[in-house]
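In this chain, numbering begins with 1 at the start of the sequence shown. Side chains included, hydrogens not; waters and symmetry mates left out as well; all remaining heavy atoms used.
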Amino acid sequence: QVQLVESGGGLVQPVGSLRLSCAASGITFRINDMAWYRQAPGKQRDVVARISSGGSTNYADSVKGRFTISRDNAKSTVYLQMNSLKPEDTAVYYCRVGFTTYWGQGTQVTVSS
């Protein structure tokens, strides 16, 4: 059974930082691409960042230069380092295995003063 468990969300002030983690089980993590998505209230779920099994990354234009996706295959965990956070980054953040139907439960990130 595939499980993805996100953690690290919370309330942070603008220009602050957070690091999200997503621990995977039930898959051969090292051979899978991974991704982070987010969904703000009333909006569709959009991709934020992707990382391939080989470590190649790409980002949504809105987060380039501020967010960094990384992975630790030994821990079966993907991370999202978020710096210079803005109120418009407020959303529920989800991790996903590649383009599969395997999603985590989400973690809330709120950027507010």
Side-chain angles (χ1 to χ4, degrees):
Q1 182 180 356
V2 178
Q3 274 196 310
L4 301 173
V5 180
E6 297 106 334
S7 60
L11 173 64
V12 63
Q13 293 187 342
V15 308
S17 297
L18 281 176
R19 189 176 83 152
L20 306 183
S21 300
C22 172
S25 59
I27 60 170
T28 305
F29 183 81
R30 60 180 172 80
I31 67 171
N32 279 280
D33 298 348
M34 299 295 295
W36 284 97
Y37 287 70
R38 67 185 180 187
Q39 187 169 20
K43 296 190 175 182
Q44 68 180 19
R45 192 177 297 187
D46 291 324
V47 63
V48 173
R50 298 189 188 280
I51 186 165
S52 72
S53 58
S56 298
T57 60
N58 56 71
Y59 299 91
D61 287 344
S62 59
V63 306
K64 280 181 182 175
R66 300 189 297 122
F67 290 12
T68 302
I69 188 171
S70 61
R71 62 191 298 156
D72 184 335
N73 290 337
K75 295 182 178 180
S76 296
T77 300
V78 61
Y79 303 98
L80 187 67
Q81 177 67 44
M82 306 186 294
N83 298 330
S84 302
L85 282 160
K86 305 175 181 180
E88 51 264 45
D89 294 317
T90 295
V92 178
Y93 285 71
Y94 300 88
C95 66
R96 181 186 187 187
V97 179
F99 293 97
T100 72
T101 58
Y102 300 128
W103 294 85
Q105 83 286 354
T107 186
Q108 176 71 47
V109 172
T110 302
V111 184
S112 174
S113 55

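- Going from atom CD of Q81 over to atom OG of S21 covers 9.5 Å, rounded to the nearest 0.5 Å.
- Put simply, the side chain of V97 reaches to within 4.5 Å of the side chain of M34, judged on heavy atoms.
- Between N83 and S17, the side chains place a donor N or O and an acceptor N or O closer than 3.5 Å (distance only, hydrogens not considered).
- Here L4 contributes atom CG and Y102 contributes atom OH; the two are 10.0 Å apart, rounded to the nearest 0.5 Å.
- Of the possible donor and acceptor atoms, none in the side chain of T107 sits under 3.5 Å from a partner among the backbone N and O of S7.
- Nearest heavy atoms, A35 versus R50: CB-NH1, 3.7 Å.
- Separation of atoms CD1 (I51) and CG (N32) is listed at 12.5 Å; rounding is to 0.5 Å.
- Linking ILVMFWY residues whenever their side-chain heavy atoms come closer than 4.5 Å, directly or via other members, places I27 and V78 in the same cluster.
- Taking a 6.0 Å sphere around OH of Y59, one finds it holds more than 12 heavy atoms contributed by other residues, nucleotides or ligands.
- Cluster annotation: Y93 and L18 are assigned to the same hydrophobic cluster (Ile/Leu/Val/Met/Phe/Trp/Tyr, side-chain heavy-atom contacts under 4.5 Å, transitive).
- Here R19 contributes atom CZ and T68 contributes atom OG1; the two are 11.5 Å apart, rounded to the nearest 0.5 Å.
- For R71 (side chain) and D33 (main-chain N/O), no donor-acceptor pair under 3.5 Å exists by modelled atom type.
- Remark: K86 does not engage D89 in a salt bridge, criterion side-chain N to carboxylate O under 4.0 Å.
- With contacts defined as side-chain heavy-atom distances shorter than 4.5 Å, the pair W36/C22 qualifies.
- If you chain together hydrophobic residues whose side chains sit under 4.5 Å apart, Y94 and L85 never meet in one group.
- Distance check: R38 CZ to R45 CZ gives 13.5 Å after rounding to the nearest 0.5 Å.
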Stepwise side-chain contact (heavy atoms from CB on, under 4.5 Å) test for V109 and L20: CA-CA 9 Å; V109 172; L20 306 183; 4.0 Å; yes
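- There is a path of hydrophobic side-chain contacts, each under 4.5 Å, that joins V47 to W103.
- Judged by distance alone, with hydrogens and angles left aside, the side-chain atoms of Q39 form no donor-acceptor pair with the main-chain N or O of A91 at under 3.5 Å.
- The hydrophobic clustering, which links ILVMFWY residues whose side-chain heavy atoms are closer than 4.5 Å, places F29 and I69 together.
- Checking side-chain atoms of R66 against main-chain N and O of S84 turns up a donor-acceptor pair under 3.5 Å.
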Chi angles and distances behind the side-chain contact (heavy atoms from CB on, under 4.5 Å) call for Q108, L11: CA-CA 8 Å; Q108 176 71 47; L11 173 64; over 6 Å; no
